[in-house]
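Remember, predicted model here, so these are calculated numbers, not experimental data. Atoms within each ligand, like the ligands themselves, are counted from 1 in listed order.
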Amino acid sequence: MQKIIKEFEFNGTIVEIVENSLGLINNTYVLRSRTDKFILQKINTYVFNNPVQLMENIYLITNHINNLDKVTLEIIKNKQGGLLVESNGDFWRAFKFIKSQVYLKIDDPSLIFECAKCLANFHKNLLVFPFKKLNTVIPNFHNTSFIFDRFKEILLKTSELEKIKCISQINYILSKENDCKIIHNLILKKKIPLRVCHNDPKISNILFDSKKKAICLIDLDTVMSGTILSDISDAIRTCCVSQSEEEKDLDKVFFKFDYFEVFIKSYLRVNYDSLNKVELSNLVFSVELIFLEQGIRFLSDYFNGNKYFKVRHQKHNLLRANNQLKLSKEIRNNRSKLQKILDNITHNF
Ligand code: GN1
Ligand code: MG
């Protein structure tokens, strides 16, 4: 790693390297010199097969946000002025370290308010950014219809024994084929617009200061065009729950309706004007769908040999899938309750 470190424009000698294992995709290290801290990441090329295009996106987005005088990631270039360092087929990139705290789950509604505000401002700041300038780093990333079809393909290669063990999860997912198409079809029909989206605004991708104020969204790897509904629902997926997606005791896992209310109020306060009627009327459904989508993604990876998400043990992705599918069902059974909460809020706008 010393060889890689030497290639970047870090000021000062690096005296400490600590691995940070929060993300499920890239390898992240916090570096410290005598005066500064930095983030060094090895990009997961199984997931991101074009790191150059990915970094081009991050460069454009961070410049745009920076020009608005808002806080965002700051790329540290290599000694030739490039955005990446390549070594033995691996791609590395670096950022300035932002002094902050991250949360894996939330126990304080004021943090929910901050998350929603942070995401809404991110969307607002990028409203004028022409999304066509961004490379599609992962095609069909939040296309649930595509994710469903890939799940079916993976099932064809899964052993009968494994399928029997997971029969209830499989049957539940297969019964949702039509649901998986709804948002995608509305995009195709241009009823739901494409916009610049973060595409991975989970709670641990939001930095907070010591006063619990949100600083900015990080992990800009998947910033590209998409529906804003995936962003809103993905933030809700990780903010408005009793436990994180890592919790395996499902009795402890439930949706927090009061947090949903705080989230929606805070988000719409900033960005209500840019949502159209079709987006608003599909918002509650999109929350159910994102849990289902994440459940399908985890279960697909489990059947496929855990190649995509980092795991600590062989059944890790299965347990994560069970967690997400439970929440998807809970939202399904409480759609009208969530719709009422949303209607009461939008009524006042
Ligand atoms: C991955 O990189 P990280 O850990 O923030 C994944 C997201 C999932 C998330 C689940 C590129 O995000 O889509 O929602 O794990 N990122 C990618 O924790 O697939
Ligand atoms: Mg990521």
Side-chain angles (χ1 to χ4, degrees), residues 19-29 39-51 53-55 57-58 61 73 91 93 95 100 102-106 115 118-119 122 134-144 146-147 150-151 197-207 216-227 229-241 243-248 253 286-302 304 306-312 316-328:
E19 180 157 12
N20 169 317
S21 50
L22 276 185
L24 299 193
I25 308 289
N26 297 320
N27 289 15
T28 304
Y29 305 87
I39 294 288
L40 179 67
Q41 286 185 306
K42 184 168 92 178
I43 298 176
N44 178 331
T45 48
Y46 177 79
V47 172
F48 299 110
N49 54 31
N50 197 329
Q53 286 196 346
L54 176 154
M55 285 309 287
N57 283 2
I58 298 184
I61 292 295
L73 290 173
F91 290 85
R93 47 103 186 273
F95 299 105
S100 56
V102 289
Y103 298 88
L104 291 178
K105 69 176 183 98
I106 295 184
C115 287
C118 180
L119 180 66
F122 181 86
L134 296 174
N135 302 305
T136 301
V137 279
I138 304 179
N140 294 308
F141 188 55
H142 277 300
N143 176 351
T144 320
F146 175 87
I147 291 167
R150 198 180 47 197
F151 174 71
C197 291
H198 182 281
N199 286 310
D200 186 12
K202 64 181 195 185
I203 175 73
S204 57
N205 284 335
I206 299 176
L207 301 184
C216 65
L217 265 162
I218 55 162
D219 190 353
L220 305 176
D221 293 339
T222 47
V223 175
M224 55 186 164
S225 69
T227 157
L229 289 179
S230 326
D231 269 6
I232 297 174
S233 58
D234 203 28
I236 290 171
R237 180 181 76 79
T238 51
C239 286
C240 305
V241 284
Q243 300 292 334
S244 82
E245 65 195 11
E246 296 294 320
E247 179 58 58
K248 47 185 188 297
V253 176
S286 77
V287 179
E288 176 189 337
L289 190 68
I290 200 82
F291 282 114
L292 176 67
E293 179 188 300
Q294 191 65 59
I296 302 177
R297 291 177 67 201
F298 282 141
L299 193 60
S300 300
D301 198 33
Y302 171 70
N304 202 32
N306 302 315
K307 298 190 186 101
Y308 190 100
F309 297 106
K310 282 188 198 159
V311 288
R312 283 193 300 278
H316 202 158
N317 276 319
L318 172 61
L319 298 176
R320 289 168 173 155
N322 292 342
N323 170 312
Q324 297 294 291
L325 293 176
K326 172 174 180 182
L327 286 157
S328 179

With a 4.0 Å cut-off on N to O distance, would you call Arg237 and Glu245 a salt bridge?
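Salt bridge between Arg237 and Glu245, a charged N being under 4.0 Å from a carboxylate O: yes.
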Would Thr238 and Gln294 count as a side-chain contact (heavy atoms from CB on, under 4.5 Å) here? Give the steps. CA-CA 11 Å; Thr238 51; Gln294 191 65 59; over 6 Å; no
Under 4.0 Å, heavy-atom basis, I'd like to know which part of [X] is in contact with ligand 1: side chain, backbone, both or neither.
X	value
Leu22	neither
Thr222	side chain
Asp200	side chain

message = Please check: side-chain N/O of Asn205 versus main-chain N/O of Leu217, any donor-acceptor pairing under 3.5 Å?
response =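 Looks like no, no N/O pair under 3.5 Å.
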Distance-only N or O hit between ligand 1 and Arg297, under 3.5 Å:
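Such a contact does occur with ligand 1.
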Practice problem: Can you spot which of Thr28, Ile39, Leu40 makes a side chain to side chain contact (heavy atoms under 4.5 Å, CB included) with Phe95? | Solution: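 Result: among Thr28, Ile39, Leu40, Ile39 is the only option passing the side chain to side chain contact (heavy atoms under 4.5 Å, CB included) with Phe95.
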- Lys310 atom NZ: more than 12 heavy-atom contacts under 6.0 Å: yes
One finds that the ligand 1 atoms under 4.0 Å from a non-hydrogen atom of Glu245 are 10 (C), 18 (O)
### Message
So Leu207 and Val102, do their side chains get closer than 4.5 Å, heavy atoms only?
### Response
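They are in side-chain contact.
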Heavy-atom contact check, 4.0 Å cutoff: does Arg237 meet ligand 1? yes
Nearest heavy atom to atom 19 (O) of ligand 1, choosing from Phe298, Phe48, Tyr308, belongs to Tyr308
